[in-house]
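Written out below as structure tokens is the structure these notes cover.
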Amino acid sequence: MHALNDTTAHSATAALRVEFRHEPLHALLADPRLLAVFGFGDAAPATHDDPRYLHVALPAHGDAPFECWRVEGEVAHGRERGIAWSTNGALQFGALEIADAGSSADIETAAAEAYARLHDWLAQGDHPHPLRIWNYLDAITAGEGDDERYRRFCVGRARGIGRALGPAELPAATAIGHPRPSGKLQVYWLAAKTPGTPLENPRQVQAWRYPRQYGPQAPGFARAMLPASIAMPLLVSGTAAVVGHASQHGDSLQAQFEEVLANLGSLVERARALRPGVPDRPGNGTRLKIYVRDADALPTVDALLRQRLPGVPALLLHGHVCRRELAVEIDGVHA
Ligand code: 3EB
């Protein structure tokens, strides 16, 4: 067989590379193997005709790169039923946005609609397994008690997905608040033909088992996802300074940062028990996004990153974690 036909002759592989790149958007989009590209903050384009581009309004610290997801084989893409999608056959990127006028009731309704549409989309398509989901919403900790918007988001999400996802099906996830109103709930995902293995963190209570004090509906996500393919990185959920179910070090950003690193280390250890080839610490195959609640703390976190994770590519964003006392959260991929 002619070598040129190799990519089409074989079934698509579930390989994914995540990279932070400073090239212009049009140059990144010219790559036929680009599955998705994300621009952050005011300096990034707000929209693009290509459905593989998604703007995330969270302000970036400094000169933020684009986040690129690259796959093997040719990527097809389009927009259907209000969902932007792309696929190489094995993996699918998808994104949708729902208007959110800002009240507690509004975010519950928006989340229910977003997740009902996501549920139907996954059920009807070729990539039924969500490996990783990101949720960006406004005013995440506005509202008191069970009316807090994050809690209403959790209620709407669970209602929309239509069934309690069993622990073996929960995706890894992130839920972060915009510091300034965007007027919408933004949900995007990486889905696959083949399910992965959700991982939990022995240092933390499973989020789906959080006690009632955190709201009427425990959040449905796993701490990380180990995809079936060894050509894919470990997908790490938003990770904060939560031990057991309790927030730690409400008085110290630096202590929270150290607790996050301990949680990440524990997750990596879990992954290595199943897949010993996963590197034992963050390194040049890791890509992190760091969400910091207080804009004034961004330089401090930047310094902590350089000191504690030298050489690890990281994108620093101004975003609100879903509990008021949590100052910093980290998600990313690790290979
Ligand atoms: C925590 O550990 C922090 O609701 O999808 C992290 C990742 C958090 C995902 C979600 C929430 C979510 O509880 C918050």
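Note that the numbering runs from 1 along the sequence shown for the chain. Every number for a ligand or one of its atoms is a count from 1 in the order of the listing. The shown structure was predicted, so the numbers you read here are calculated from the model rather than taken from an experiment.
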### Electrostatic pair R151:D147 at N-O distance under 4.0 angstrom
no

### Query
Under 3.5 Å, side chain of R149 to main-chain N/O of D138, donor-acceptor pair present?
yes

### Task
Report the relative orientation of the aromatic rings in W134 and W69; use parallel for angles under 30°, tilted for 30 to 60°, perpendicular for over 60°.
tilted

### Aromatic centroids of F40 and F20 separated by under 6.0 Å
no

### Task
Could you tell me whether E67 and K289 have a side-chain N and a carboxylate O separated by less than 4.0 Å?
yes

### Query
Taking any residue with a non-hydrogen atom under 4.0 angstrom from an atom of ligand 1, which ones do you get?
Y150, R157, A173, T174, A175, Y210, P219, F221, R223, G238, V242, C322, E329

### Listed partners of D120 passing salt bridge (Lys or Arg N to Asp or Glu O under 4.0 Å), at least two apart
none

